[in-house]
Amino acid sequence: MKLLGSNAWRNYAIFRVLRARFWSTKVIEQSFALIEDNLYRRISGAEISSIVPVLKQWLEEGKEVEQSELRKFIKQLRKYRRFRHALQISEWMSDQRNHVLSTGDIAIRLDLISTVHGVEQVEKYFDSIPETMRTFQVYGALLSCYACNRSLEKAEATMQRMREFKLGKSSLTYNVMLNLYFRQGKHEKLDTLMQEMTEVGINWDNFTCNIRLNAYAASADVKGMEKLLIMMEVDPHLSMEWNTYVVAANGFLKSGHNEKALTMLKRAEELIHGNSSRLAYESIITLYAALGVKDEVYRLWNLYKNIGKVVNSGYLSMLSSLMKLDDIDCAERLLEEWESGTTIFDSRIPNLAIRAYCKKGLLEKAEAYFKRLMESGKKPDASTWECLATGYWINGQTAKAVETMKNAFLARQPGWKPKQYTLAACLKYMKGLGKEEEALAMLRSLKKGGHMSSQICAQLLHDNKNEILCSGPLDLMEGDDGEMKKVIEQSYAPFQDTLYSLISRARIRRAPIGAVLDQWLEEGKEVTQSQLQSFIKMLRKKRGFKHALEISNWMSDQRNCVLSIADVSVRLELISRVHSLEQAEKYFDSIPESMRIFPVYCSLLNCYAYTMSLEKAEATMKKMKELKFRNSSFPYNVMLNLYSRLGNHEKLDILMQEMKELGIMWDKFTYKIRLTAYVASSDVEQMEKLLIKMEADPLISMDWSSYSVVANGFLKSHLNEKALTILKRAEQLIYGESRRLAYENILTLYATCGVKDEVYRIWNLYKNIGKVSNSGYLSMLSSLVKLDDIDGAERLLEEWESGATIFDARIRNLMIRAYCKKGLLEKAVAYVERLMDSGKEPHASTWGSLATGYWINGQTSKAAETMKKAFMARRPGWKPCEYTLAACLKYMKGQGEEEEALEILRSLEKGGHISSQIYDQLLHDIKNEILCSGPLDPMEEEDGEMEKFIEVKDEDENSR
């Protein structure tokens with residue numbers, strides 16, 4: 001169980017406590033221990049849609065049931081989340097038995113209607129309640145319904161009515177609103193509301209403070225969290241509880257303060273007592289696991305077992321902790337212990353085990369475990385079938401995934417929600433097999449049964465008909481606290497099956513992709529258009545444009561697939577990247593007029609912008625205006641970015657004013673482009689003004705990258721204190737999929753500020769996410785080099801070499817450049833020799849880095865020999881450092897090797913490794929014996945090719 005701000009279970013738990021306090025009555029007892037009669041056994045054991053026949057049968061047998069007993073039944077059914085049956089008893093109690101409902105009964109029914117039917121039905125029922133019965137409890141229940149459904153405006157309106165009607169000064173209503181603001185990220189509202197509580201004489205209670213503490217933790221505001229903790233500890237009205245320290249521990253953990261987190265957990269342990277002991281140990285175990293302290297996890301587990309019989313939630317917490325610690329063997333032993341002793345089967349536990357096996361690629365173990373469950377007489381529910389289906393899918397066995405998902409569909413029960421990633425893949429696979437009607441019937445049944453929302457269903461129907469892969473609802477779900485993360489960690493891994501593996505290997509070998517696809521078909525295997533679209537998307541993401549274009553061409557030329565507008569737009573971009581702008585224009589001219597719509601024109605505009613073709617981009621933009629395409633910020637942002645890159649900053653305000661006049665709202669990209677332009681021109685005053693405007697814009701959701709841009713602007717203007725303040729703001733907005741990129745970016749900015757402690761603090765936060773990627777090591781290594789910490793850089797390099805699964809030449813090149821910058825040429829040479837001894841053949845970029853090292857250290861002869869090795873190892877995309885190349889060519893001419901020098905130069909120009917302009921200038925300089933002039937002069941003005949050599953990361957994507 002995670003205790004993060006975005007954790008849905010924890011938010012539900014808070015509301016459950018608040019709701020219970022709104023409508024608790026004297027009639028409802030604290031436990032259900034006294035209700036052990038036959039009627040409840042019949043109700044609890046009934047697996048029918050309606051519970052009413054059970055109640056009628058009871059009366060027909062001449063037995064009675066009191067209203068107090070019905071209330072207890074409702075309470076117990078709500079506890080086990082059988083809301084529909086609880087609502088049926090509530091309605092039967094008044095409609096069939098004519099019992100007079102108390103305000104507590106009405107409040108509970110409001111909650112049940114909201115859960116079962118939705119807010120609209122709640123409002124209808126509320127309107128039917130007599131004015132005299134609309135008490136604090138009833139209004140409180142209505143407020144909670146709105147809060148649960150995140151209906152902010154209606155919740156605020158209800159809160160205002162409660163103020164006007166003076167319905168009881170209680171912290172309960174304020175806590176509901178505080179939690180709603182917290183869940184929606186409106187943290188600025190919290191202090192205002194808490195101040196209002198103080199002014200009207202309502203004391204903050206533990207719920208109030210814990211909500212505020214959670215908000216501080218969510219935004220990584222360590223100082224705010226520490227101040228509030230101190231205030232809580234000295235407040236005589238508050239009783240410190242273990243869960244408060246758990247929230248604080250989670251906040252410290254999120255902020256990278258692991259030692260402080262451990263201290264908080266020790267304090268939390270001291271306050272564990274009573275009925276909450278199990279929940280406390282379950283929570284603390286998972287946090288010790290997140291900290292990676294295995295001994296503490298086992299110590300807490302032993303304490304937990306001393307309480308008495310271990311319940312399913314305990315096994316679930318310990319199992320998830322062992323998975324987090326990557327201890328599969330111990331997890332398996334725990335699973336055996338649970339199976340041998342459990343009396344109540346809990347599908348969440350086998351589901352967790354199956355997901356863990358699949359995540360590790362142990363599909364056979366997942367299958368064997370599933371088979372063992374069935375053989376033991378356990379009937380898998382829909383969620384268990386679905387876990388296995390997802391395992392098949394991510395391991396490339398889509399046919400098996402479809403059959404297993406069908407079993408999940410047959411075993412579905414009320415409340416089950418399928419994982420849309422897996423469902424979408426299965427539906428598209430079924431369509432590819434000609435079973436579209438069966439797929440659509442399944443989709444409609446899921447929607448009718450309430451297993452998915454109308455919005456998701458409509459989008460899946462649309463995507464299935466138009467063969468759009470993993471779009472629409474799947475994009476929405478990426479932010480849904482990562483359902484797919486339960487199975488796959490950080491990577492997006494659709495269709496990483498055998499075929500994609502073959503494509504990836506062919507890409508590494510630089511072999512034709514078409515041959516791989518043809519071979520796949522010859523083996524009697526199938527590949528759908530949606531899968532091909534997925535492969536193209538993945539290859540573009542990895543900058544494999546040439547191979548992505550091969551698949552795009554094969555898709556239409558060999559498979560005769562009808563290209564969608566999106567396919568055409570993507571191909572246009574790929575042609576521009578792989579061949580030339582001229583070829584992209586020819587392809588555009590071949591596109592039928594009927595298909596030249598907004599997305600295709602946007603793609604063409606993007607091609608012109610990417611190649612800095614200003615006149616053509618402006619002409620295309622004008623054409624789009626004449627065709628009166630829908631108003632969108634996208635083409636304007638493309639043009640704004642082009643003007644910014646070309647330094648035409650005066651055009652930016654004109655274009656942004658035009659957007660306003662046309663009613664096109666500025667989005668965060670618009671703002672960010674303008675901010676970047678202010679940074680480029682060191683206009684701090686305008687940058688600060690725009691940032692204030694951006695923060696005040698209700699349509700803009702601030703993100704870490706915007707503050708990162710501003711921090712860079714302050715650094716460029718030597719306003720380091722302001723930069724540090726902005727970086728702290730950026731940290732508060734780091735969450736979700738972009739965390740790695742955010743930390744990598746902020747690491748380097750702290751290094752530029754020269755704040756070594758902050759660099760290491762962010763690095764610890766980064767490592768807490770999971771396995772460190774190459775880009776993370778690259779950022780940290782460049783930061784340590786920037787901080788002049790060569791020893792730290794060497795230790796980091798050893799760590800990377802011992803654990804790296806994918807070799808990345810950029811990292812070794814960065815280390816070589818660092819050695820050369822420090823005059824440690826011997827270390828650079830030794831490092832290259834060590835690489836070769838270990839069987840790693842240096843790429844052209846590595847030889848080029850060493851050649852530059854020789855040159856700047858005055859060993860031009862060795863530089864020339866090493867540059868020849870770089871030339872021999874060259875690959876498409878490699879760009880030599882022109883300073884070093886010019887020096888080496890001129891040295892070769894001086895040694896009587898002019899013909900060889902000219903041949904190298906011609907080959908580099910022909911292979912696209914240097915531009916025609918640079919080629920002409922170098923050729924002229926060699927013939928006229930001009931030393932380091934011509935192309936090197938303008939390069940000094942390009943913000944430093946040598947700076948790129950010495951400090952900045954190698955941009956060469958082909959050197960990986």
Side-chain angles (χ1 to χ4, degrees), residues 358 361 363 390-402 421-422 424-426 428-429 431-433 467-471 474 484 487-561 563-564 566-579 773-774 805-809 843 875-877 956-960:
C358 294
L363 187 58
T390 304
Y392 281 129
W393 173 54
I394 65 170
N395 283 280
Q397 299 186 32
T398 316
K400 285 187 177 181
V402 170
Y421 285 89
T422 313
C426 291
K428 289 179 174 66
Y429 184 84
K431 181 180 179 181
L433 294 176
E467 296 190 349
I468 300 170
L469 177 69
C470 292
S471 62
L474 306 185
M484 205 54 194
V487 185
I488 315 168
E489 281 185 333
Q490 299 296 326
S491 62
Y492 168 77
F495 301 108
Q496 285 192 341
D497 53 12
T498 309
L499 178 54
Y500 187 70
S501 299
L502 291 171
I503 289 171
S504 299
R505 287 198 288 271
R507 182 181 170 225
I508 293 169
R509 299 195 312 271
R510 302 185 182 276
I513 300 298
V516 175
L517 295 166
D518 290 337
Q519 179 66 31
W520 182 263
L521 295 181
E522 287 170 10
E523 292 172 3
K525 300 171 184 174
E526 268 302 315
V527 58
T528 64
Q529 185 172 4
S530 60
Q531 286 176 306
L532 294 171
Q533 289 164 336
S534 169
F535 299 157
I536 291 169
K537 180 177 180 179
M538 288 295 288
L539 289 168
R540 287 172 67 214
K541 184 179 178 182
K542 295 177 182 293
R543 303 183 65 79
F545 303 116
K546 181 180 178 182
H547 292 131
L549 181 58
E550 282 185 58
I551 295 177
S552 176
N553 291 331
W554 187 87
M555 185 166 67
S556 57
D557 300 346
Q558 303 299 319
R559 296 293 286 166
N560 299 316
C561 294
L563 298 184
S564 66
D567 293 327
V568 171
S569 302
V570 168
R571 184 178 291 184
L572 190 60
E573 178 223 352
L574 292 171
I575 291 171
S576 173
R577 293 291 186 100
V578 175
H579 298 305
S773 64
N774 283 337
T805 53
I806 301 174
F807 191 71
D808 191 331
H843 294 172
R875 293 181 178 181
D956 180 14
E957 290 293 334
N958 291 288
S959 67
R960 297 186 185 189

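Along the sequence shown, residues carry numbers from 1.
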- [ ] Drop me the distance from Phe545's CZ to Ser576's OG, to the nearest 0.5 angstrom.
- [x] 10.0 Å
Task: Those residues that, when tested against Asn553, pass side-chain hydrogen bond (donor to acceptor under 3.5 Å, both in side chains) (two or more places apart) - done: none
- [ ] Can you measure from NZ (Lys542) to NZ (Lys537) and round to the nearest 0.5 angstrom?
- [x] 13.0 Å
- [ ] Provide the closest heavy-atom pair for Cys358 versus Gly391 in the form atom of the first, atom of the second, distance.
- [x] SG-CA, 3.3 Å
Open item on the list: Minimum heavy-atom separation for Ala425 and Trp393, please, with both atom names.
Closed with: CB-NE1, 3.3 Å
Task: Any Met555 side-chain heavy atom under 4.5 Å of Ile536 side chain - done: yes
Open item on the list: With rounding to the nearest 0.5 angstrom, report the CD to CG distance, Gln558 to Asp518.
Closed with: 6.0 Å
Task: Heavy-atom side-chain contact between Gln529 and Arg559 under 4.5 Å - done: no
TODO: Check for a donor-acceptor pair, side chain of Glu550 on one end and backbone N or O of Ile513 on the other, with a separation under 3.5 Å.
DONE: yes
Open item on the list: Let me confirm one number: the CD-CG distance from Gln397 to Leu363, rounded to the nearest 0.5 Å.
Closed with: 5.5 Å
Task: Heavy-atom check, side chain of Lys525 versus side chain of Leu499, under 4.5 Å - done: no
Task: Check: Leu433 and Val402 side chains under 4.5 Å, non-hydrogen atoms - done: no
Open item on the list: Let me confirm one number: the OG-CZ distance from Ser552 to Phe535, rounded to the nearest 0.5 Å.
Closed with: 14.0 Å
Open item on the list: Could you tell me if the side chain of Leu549 sits less than 4.5 Å from the side chain of Leu539, heavy atoms only?
Closed with: no
TODO: Say whether, by atom type as modelled, one donor and one acceptor occur between the side chain of Thr398 and the main chain of Ala401 under 3.5 angstrom.
DONE: no
Open item on the list: Counting C-beta onward and ignoring hydrogens, is there a side-chain heavy-atom pair between Leu572 and Ser569 closer than 4.5 Å?
Closed with: no
Open item on the list: With a 4.5 Å cut-off on side-chain heavy atoms, are Val570 and Arg540 touching?
Closed with: yes
Open item on the list: Using 0.5 Å steps for rounding, measure from the NZ atom of Lys431 to the NZ atom of Lys428.
Closed with: 8.5 Å
